[in-house]
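Written below as structure tokens is the structure these notes are about.
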Amino acid sequence: MKKVFALVDCNNFYASCERLFRPELRDQPIVVLSNNDGCVIARSNEAKALGISMGAPYFKTKDLLARHNVHVFSSNYALYGDLSQRVMTILQQMEPEVQIYSIDEAFVSLPYTPGNSQTGYASYLQEKIWQCVGIPVSIGIGPTKTLAKLAAKIAKRDPLCGGAFDLTDNPWLDQLLAAFGVQDVWGIGRQAARKLRGRGIMTAWDLRDADDAWLRKRLTVTGLRTALELRGISCQPLDNAPPARKSIISSKSFGRPISTLSDMKEAVVTYLSTAAEKLRKQGSAAEAIQVFISTNTFNPRQAQHVQGMTASLPGPSAYTPHLLKAALHCLDSIFRPGYQYKKAGVMLAGIVPAHQQQMNMFAPLDTERHDLMRAVDRTNQKWGRQTLQVATAGFAKPWQMAQSRKSPAYTTNWSELPVVNTCP
DNA sequence: TCTGGGGTCCTAGGACCC
DNA sequence: TCTGGGGTCCTAGGACCC
């Protein structure tokens, strides 16, 4: 049976999450900040209307926000992650083929019925998610993922659509494509858009009909695929069982600069523990680990040091102390006293399934260690992050990121549940 | 004073082999 | 003096995404 793609996209997701437990903020402008309250990463429609731009540094836009009484939140990933999971669960209960694409988007495969728009069914999905989770979504439908993404933009932009739009068999397709600039097409970033415009390819409509050989040569196969998808030829199938991650990164800026090796060790060990937990969660082991540290590269008056180092493990491992040893070895080699470091990170690479590990005669068997790690992960899942941790991760962690305006973890922490006052 | 974090895919070019 | 051709594998870096 022929299928079409539906893209389900949560509207202003982080802002909608914050609003969910603060109904008095409905119709109020809201922004959500990145880690360390660095810059604006989500805006409610009201905040967008005020001209607050995406990615704007907080310190530069603070006055504007205050002037318009914008409600400002630090990012609360425990909340967003949990609500995202609830939305995805609804979709998976209703449809057999769902690809979770990001924290706030999913592709769903729907059966195609000629001459019949799918928007009615889309509205039903929307209603269901609103009713069960309380998050508003827009839905775009098309014969390819790229067209579904464009349809979702139309659904969001035009209030007359009621939040759902179908580009399949749409008689106005050419006109609609001509109304989008190439940079609005999924997969066309700044560089590609520049090249395209240089050749006079200005709109999605131009891109669809561009020369294949030229696209292949200048924008590689990915650019060619995008054009084919605009023609309705699907090049990106729905993937409802995404493979395990090939690399896992944990990195963060610090709340205040770090200048001593002992503080830096705490940070690296903390980040490594997070990455290792993710590694075990997907049932994998890593063969290599990379550690990188960096001063504040935005500050031109400061002495800069940016360096990374990769170490191979004797065999693939998911055992935190083994990974730790390699990570600290890297850190000892790259750390230089006398710099004000602002950021560090850990990347696990060479990821293989834990049960297919190549045996290594010099590496010990991991059964007991596996049990130990499982106990640690379960404890932390039940009682909260860092309930059990390696002592070198530190306790006070004065370098930890600043989040001065974080809302409670309403749905994932017993002590932060919302309180309902039943009598005055 | 203050500028996020975590991924994927693709290509070019070097190392190495026969 | 002259100095092949073809293949694989790996890595770094660019571009893009949310």
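Numbers restart at 1 for each chain; the letters A, B, ... are given by sequence-line order, proteins then strands. Predicted model only: the values in this text are computed from it and were never measured.
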ask   = Quick one: salt bridge (charged side-chain N to carboxylate O under 4.0 Å, His left out) pairs with a partner in residues 59-74 of chain A, sequence neighbours left out?
value =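 Output for this query is empty, none listed.
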
key: Residue mapping more 5' on DNA chain B - nearest nucleotide basis, Asn35(A) or Phe59(A)   =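 That would be Phe59(A).
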
ask   = Nearest nucleotide by nearest heavy atom, which residue falls closer to the 5' end of DNA chain B, Tyr58(A) or Arg225(A)?
value =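 The residue closer to the strand's 5' end, by nearest nucleotide, is Tyr58(A).
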
ask   = Should we count CZ of Arg190(A) as having more than 12 external heavy atoms under 6.0 Å?
value =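 For Arg190(A), atom CZ is not crowded (no more than 12 foreign heavy atoms under 6.0 Å).
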
request  = Could you check which residues of residues 179-199 of chain A get a heavy atom under 4.0 Å from DNA chain C? Sort them by number, please.
outcome  =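 Residues of residues 179-199 of chain A under 4.0 Å from DNA chain C: Val185(A), Trp186(A), Gly187(A), Ile188(A), Gly189(A), Arg190(A), Gln191(A), Ala192(A).
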
What is the nucleic acid contact for [X], judged by heavy atoms within less than 4.0 Å: base, sugar-phosphate only, or nothing?
X: Ser253(A); result: sugar-phosphate
X: Lys252(A); result: sugar-phosphate
X: Leu33(A); result: nothing
X: Asp37(A); result: nothing
X: Arg216(A); result: sugar-phosphate

Qualifying residues under ring-ring contact (aromatic ring centres under 6.0 Å, His included), relative to Tyr410(A), sequence neighbours excluded =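 Partners of Tyr410(A) under the ring-ring contact (aromatic ring centres under 6.0 Å, His included) test: Phe21(A).
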
inquiry  = Which residues pass the ring-ring contact (aromatic ring centres under 6.0 Å, His included) test with Trp205(A), not counting sequence neighbours?
reply    =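 In terms of ring-ring contact (aromatic ring centres under 6.0 Å, His included), with neighbours along the sequence ignored, Trp205(A) is linked to no residue.
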
request  = Check the pair Asn12(A), Lys48(A) against side chain to side chain donor-acceptor pair (under 3.5 Å), reporting the backbone distance first and the verdict last.
outcome  = CA-CA 10 Å; Asn12(A) 313 327; Lys48(A) 287 179 189 171; 2.8 Å; yes

For residues 149-156 of chain A, which side-chain donor-acceptor pairs fall under 3.5 Å, sequence neighbours excluded?
{"residue": "Lys149(A)", "atom": "NZ", "partner": "Glu105(A)", "partner atom": "OE1", "Å": "2.7"}
{"residue": "Lys153(A)", "atom": "NZ", "partner": "Asp184(A)", "partner atom": "O", "Å": "3.3"}
{"residue": "Lys156(A)", "atom": "NZ", "partner": "Asp9(A)", "partner atom": "OD2", "Å": "3.2"}

query = Considering residues at least two apart in sequence or located in another chain, which fulfil the side chain to side chain contact (heavy atoms under 4.5 Å, CB included) criterion with Pro257(A)?
reply =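 Result, side chain to side chain contact (heavy atoms under 4.5 Å, CB included) vs Pro257(A): Gln340(A).
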
message = Ala210(A): which residues meet the side chain to side chain contact (heavy atoms under 4.5 Å, CB included) condition with it, sequence neighbours left out?
response =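 Once residues adjacent in sequence are excluded, the partners of Ala210(A) under the side chain to side chain contact (heavy atoms under 4.5 Å, CB included) criterion are Ile201(A), Leu215(A).
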
request  = Determine which bases of DNA chain C form Watson-Crick or G-U wobble pairs with both distances under 3.5 Å, and write the result as a 5' to 3' dot-bracket string with | for other-strand partners.
outcome  = ....||||||||||||||

query = Strictly by modelled atom types, are Thr220(A) and Thr222(A) linked by a side-chain donor-acceptor pair under 3.5 Å?
reply =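 The answer is yes; a qualifying pair exists.
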
request  = Using the C1' atom as the reference point in each nucleotide, state the distance between dC16(B) and dG4(C) in Å, no decimals.
outcome  =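 That atom pair is separated by 16 Å.
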
key: Terminal contacting nucleotides, 5' and 3', DNA chain B versus chain A (heavy atom, 4.0 Å)   =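 The contacted stretch runs from dC2(B) to dT11(B).
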
message = Tell me every residue that passes side-chain hydrogen bond (donor to acceptor under 3.5 Å, both in side chains) with Thr320(A), counting only those two or more places apart in sequence or in another chain.
response =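 Here the qualifying residues are Arg280(A).
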
ask   = Hey, can you pull the residues of residues 335-344 of chain A with a non-hydrogen atom under 4.0 angstrom from DNA chain B?
value =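 Of all residues in residues 335-344 of chain A, the ones placing a heavy atom under 4.0 Å from DNA chain B are Lys342(A), Lys343(A).
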
inquiry  = Enumerate the ring pair (Phe, Tyr, Trp, His ring centres under 6.0 Å) contacts for residues 270-315 of chain A, please, sequence neighbours excluded, ordered by first and then second residue.
reply    =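 Applying ring pair (Phe, Tyr, Trp, His ring centres under 6.0 Å) to every pair that reaches into residues 270-315 of chain A, excluding sequence neighbours, yields His305(A)-Tyr339(A), His305(A)-Tyr341(A).
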
Arg19(A)/Glu46(A) salt bridge by N-O under 4.0 Å criterion =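 Yes.
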
inquiry  = Counting the benzene-type ring for Trp, do Tyr101(A) and Trp186(A) have ring centres under 6.0 Å apart?
reply    =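 Yes.
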
